[in-house]
Amino acid sequence: MKTVLRPDYHSDQFASALQLNLSIIVPIYNEVECIPHLLDQVSQILKASHLSYEIICVDDGSTDGSTELLQQQAKLRKDLRVVVLRRNYGQTAAMAAGFNYARGAVLITLDGDLQNDPADIPQMLTKLEEGYDLVSGWRKDRQDAALTRLLPSRIANWLIGQVTGVKLHDYGCSLKAYRSELVADLNLYGELHRFLPALAFIEGARITEMPVRHHARRFGQSKYGLGRTFRVLMDLFTIFFMKKFLTRPMHVFGWFGLISMLLGIVLGVYLSFLKLGLDQSIGDRPLLILAVVLFLTGVQLFSFGLLAELSMRTYHESQGRPIYRVREVIEPVGNPKSAL
Ligand code: UDP
Ligand code: MG
């Protein structure tokens, strides 16, 4: 298998290099029966690939003994790091913690319930090598309940595709592979982990998808029900906003605000003319209310745009986030300094 992802991280040099080839990130919330199988499966596949790797299990406040089992396993295995969160924060936060602790050049996320199949990892790496920054799994033959899971998920996937412009069949699949430098640019909140491809797209990543295996849950139960759909929808609005207006809110709010204000002023002038010029009564005219509402709305939108502009600047500057992302810089041949 051709596995090396970037020439500078060739596995031969890995013994001395601090950075690993792969970090496998697994959020765990009450999956005690799955953990032994999971660790076995992952290490079996990766040992065969001769890549250096670490498995990072993030225990998201489990109460069923998963924590103790992971702690015990971490003492026995060289390839396992365990991050124990203080309480249950949710899958997105657990994944974010995993990203923070990962040291690999490539990060792979995977569910801890054995529904994803680590056997797909090598092929995902091959895809990354083709030049993609993110490879997203597509559970083509998904083994979940049709009405409560598959249908809402189909609708959500379609909606997300429309809104974000990133057309994937399956946003919800946890099995994904990322180049680590991409992940460093992503910030996770809410239930945003399923929007990682969209966030990555905003950051200029090259994204592709790949059909992956999916198994029915053998142990434990799903942590989610229909309620998730609504949270996903709300997050979709956030993403939409981020994608469209992140660096230029005033272009949108200012524009609408100005139009609304102008309309209000025109109507106001017209009404003033009726009152002052023609001495008509305007107190009982709906147009008056419209003029006032339009004007006030305009002022509100305009000031909101200014405020949004300020917070966007804080957002970018407080984190040292540039408003652009560089894929690579090509220096002149010979002495690169001579060009400076
Ligand atoms: N999970 C988590 N914290 C939570 C809920 C879920 O870490 O609050 C983990 C869970 O242990 C599993 C993964 O996220 O490894 C996906 O959860 P689940 O299988 O319940 O979701 P589904 O596959 O049904 O969408
Ligand atoms: Mg699952």
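Whatever order the structure lists them in is the order used to number ligands and atoms, beginning at 1. Numbering of residues begins at 1 and proceeds along the displayed sequence.
- Judged by the 6.0 Å and 45° rule, R87 forms a cation-pi pair with Y89.
- For R154, the salt bridge (charged side-chain N to carboxylate O under 4.0 Å, His left out) test picks out no residue, with sequence neighbours left out.
- Using a 4.0 Å cut-off between a side-chain N of Lys or Arg and a carboxylate O of Asp or Glu, K223 and E31 qualify as a salt bridge.
- For the residue pair R194 and S174, no side-chain donor N or O sits within less than 3.5 Å of a side-chain acceptor on the partner.
- Using a 4.5 Å heavy-atom threshold, the side chains of R77 and S43 count as touching.
- For the residue pair N157 and H169, no side-chain donor N or O sits within less than 3.5 Å of a side-chain acceptor on the partner.
- Note that the CG atom of L267 and the CG atom of L288 stand 9.5 Å from one another [nearest 0.5 Å].
- Listed by chain and number, the protein atoms of type N/O/S under 2.8 Å from the Mg ion (ligand 2) are D113 OD2, Q115 OE1; waters are omitted.
- Applying the side-chain hydrogen bond (donor to acceptor under 3.5 Å, both in side chains) test to every pair with at least one member in residues 66-76, sequence neighbours left out, gives these pairs: D59-T67, D64-S66.
- Among all heavy-atom pairs drawn from G104 and S180, the shortest one is O-CB, 3.3 Å.
- Sorted by chain and number, the residues within 4.0 Å of ligand 1 by heavy atom are P27, I28, Y29, E31, D60, N88, G90, Q91, D111, G112, D113, Q115, R149, R217, S222, K223, Y224, R228.
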